[in-house]
Protein chains: 2
Amino acid sequence: MKLDQITDGELSILQVLWEEGEATTRKLTTALYEEVTDSKMATVQKLTERLEAKGCVERDRKKRAHRFRPLVSHEQFLHSRLQALADRLCDGTLMPLITTLLQAKGISRSQRKQLRKLTSDLWPTRDTDTKTSK
Amino acid sequence: MKLDQITDGELSILQVLWEEGEATTRKLTTALYEEVTDSKMATVQKLTERLEAKGCVERDRKKRAHRFRPLVSHEQFLHSRLQALADRLCDGTLMPLITTLLQAKGISRSQRKQLRKLTSDLWPTRDTDTKTSK
DNA sequence: ATACAGACAGACACACTGTCTGTATGCATT
DNA sequence: AATGCATACAGACAGTGTGTCTGTCTGTAT
């Protein structure tokens with residue numbers, strides 16, 4: 001599954017599939033283009049064909065109009081992209097990404113709370129504040 | 001400063017500049033290629049020229065051999081890339097990136113500790129565990 | 001039987017990007 | 001001053017990737 005070679009157009013296809021769960025060529029075309037023409041349909045077919053070749057999509061050929069389903073989740077894809085970033089910029093380490101993100105502005109109070117809960121759940125060690133209810 | 005249009009080759013130049021602080025064309029070429037030829041020098045010149053056009057590098061023309069310095073920090077660049085990821089995959093929100101990274105494997109005990117310290121420093125609210133010494 | 005919708009193969013144009021060639025010019029050494 | 005070298009600079013180029021389009025074939029329904 002070649003996640004790093006996913007093209008921008010292919011990604012758009014995947015995003016529709018993530019939202020819809022599965023879709024036909026027509027449904028994809030409708031979602032992605034203003035007007036559905038033969039050539040737009042062909043474009044979508046080419047993109048799904050390439051996605052299938054890359055192992056990111058499966059095709060159900062039972063019916064005339066094939067149904068496509070994603071073989072990669074949104075989370076998997078995001079993780080892959082983050083890892084690629086880390087590989088290129090941080091010797092493969094994820095920590096710099098995390099610290100950069102935490103230092104970024106725009107983390108609201110409720111989001112901080114959410115993060116604290118997440119970390120407590122993930123790493124239930126003794127020195128983590130487990131008695132949040134005081 | 002067009003950080004999103006930085007090419008892979010241009011990024012390699014930037015990385016040397018981040019390490020060295022500043023460099024001449026020759027120094028850059030030596031760092032990036034096994035053997036330094038005229039054409040490789042020209043390649044590096046073209047890349048720095050494009051980087052300058054994109055506002056990511058400044059050039060000191062005082063001496064014959066120009067000296068280049070980065071106008072973007074490694075951190076800035078990383079943040080820009082992360083934001084671009086968020087824009088494309090998460091409606092511009094950074095939180096999904098953070099949660100994905102925290103859930104990723106390979107976060108060691110010491111790194112967790114480091115993260116807890118970072119969050120405490122960043123968000124010194126009353127409900128943050130300030131008395132780590134129990 | 002006819003028409004339509006979709007699959008499929010192939011070609012194509014366009015843009016990007018790293019590379020290379022050729023030329024001009026500043027600087028140092030003699 | 002003359003020579004030679006290192007560098008800057010402009011321009012061209014080829015390879016590649018990518019979205020798009022055309023044309024053809026085939027299954028399905030009316």
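Residue numbers start from 1 in every chain, and the chains themselves are labelled A, B, ... in the order their sequence lines are given, proteins ahead of strands.
For the pair A:E52 CD and C:dA7 P, the interatomic distance rounds to 11 Å; values are reported in whole Å. If you take CG of B:D38 and C1' of D:dA8, they are 12 Å apart, rounded to a whole angstrom. Atom-to-atom, NZ of A:K46 to P of C:dG6 comes out at 18 Å; the value is rounded to the nearest Å. Counting to the nearest Å, the P atom of C:dG26 and the NZ atom of B:K62 are 19 Å from each other. To the nearest angstrom, P of C:dG6 lies 14 Å from NZ of A:K27. Between A:L14 atom CG and D:dG19 atom P the separation is 12 Å, expressed in whole Å. In this structure, NE2 of B:H66 is placed 13 Å from C1' of C:dC27, rounded to the nearest angstrom. Between B:D8 atom CG and C:dG18 atom P the separation is 7 Å, expressed in whole Å.
Counting only N and O atoms by type, the side chains of A:R88 and B:S12 include a donor and acceptor under 3.5 Å apart. A donor-acceptor pair shorter than 3.5 Å can be found between the side chains of B:H66 and B:R59.
You'll find the side chain of B:R109 stays beyond 4.5 Å of the side chain of A:W123, heavy atoms only.
Within 4.0 Å (heavy atoms only), A:T25 reaches sugar-phosphate atoms of the nucleic acid but no base atom. Using a 4.0 Å heavy-atom criterion, one finds that A:A42 contacts the bases of the nucleic acid, with or without backbone contacts as well. As judged by a 4.0 angstrom heavy-atom cut-off over every strand, A:T43 is placed among the base-contacting residues. If you check every strand for non-hydrogen atoms under 4.0 Å, B:R26 touches sugar and phosphate atoms only.
Side-chain N/O atoms of A:K63 and base N/O atoms of C:dG6 include no donor-acceptor pair closer than 3.5 Å. On a pure distance criterion of 3.5 Å, a polar donor-acceptor pair joins the side chain of A:R50 and the base of D:dG19. No hydrogens or angles were tested; on distance alone, nothing pairs the side chain of A:R64 with the base of D:dT28 as donor and acceptor under 3.5 Å.
The side chain of B:T7 lies closest to C:dT17 when the candidates are C:dC8, C:dT17, D:dT20. Side-chain proximity of B:M41 to the nucleotides D:dT7, C:dC8, C:dC20 is greatest for D:dT7.
Across every strand in view, C:dC8 sits in a pair with D:dG23 that passes the Watson-Crick or G-U test at under 3.5 angstrom. The nucleotide D:dA29 finds its pairing partner in C:dT2, both defining distances of the Watson-Crick or G-U wobble pair being shorter than 3.5 Å.
Note: B:W18 and B:F77 have tilted aromatic rings, judged against thresholds of 30 and 60 degrees for the angle between ring planes.
The side chain of B:Q45 contributes an N or O atom lying less than 4.0 Å from OP1 or OP2 of D:dA8.
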Exercise for review: Kindly determine whether B:E52 and B:R61 satisfy salt bridge (Lys or Arg N to Asp or Glu O under 4.0 Å), including the steps that lead there.
Suggested key: CA-CA 13 Å; B:E52 191 185 13; B:R61 303 172 190 258; 3.4 Å; yes
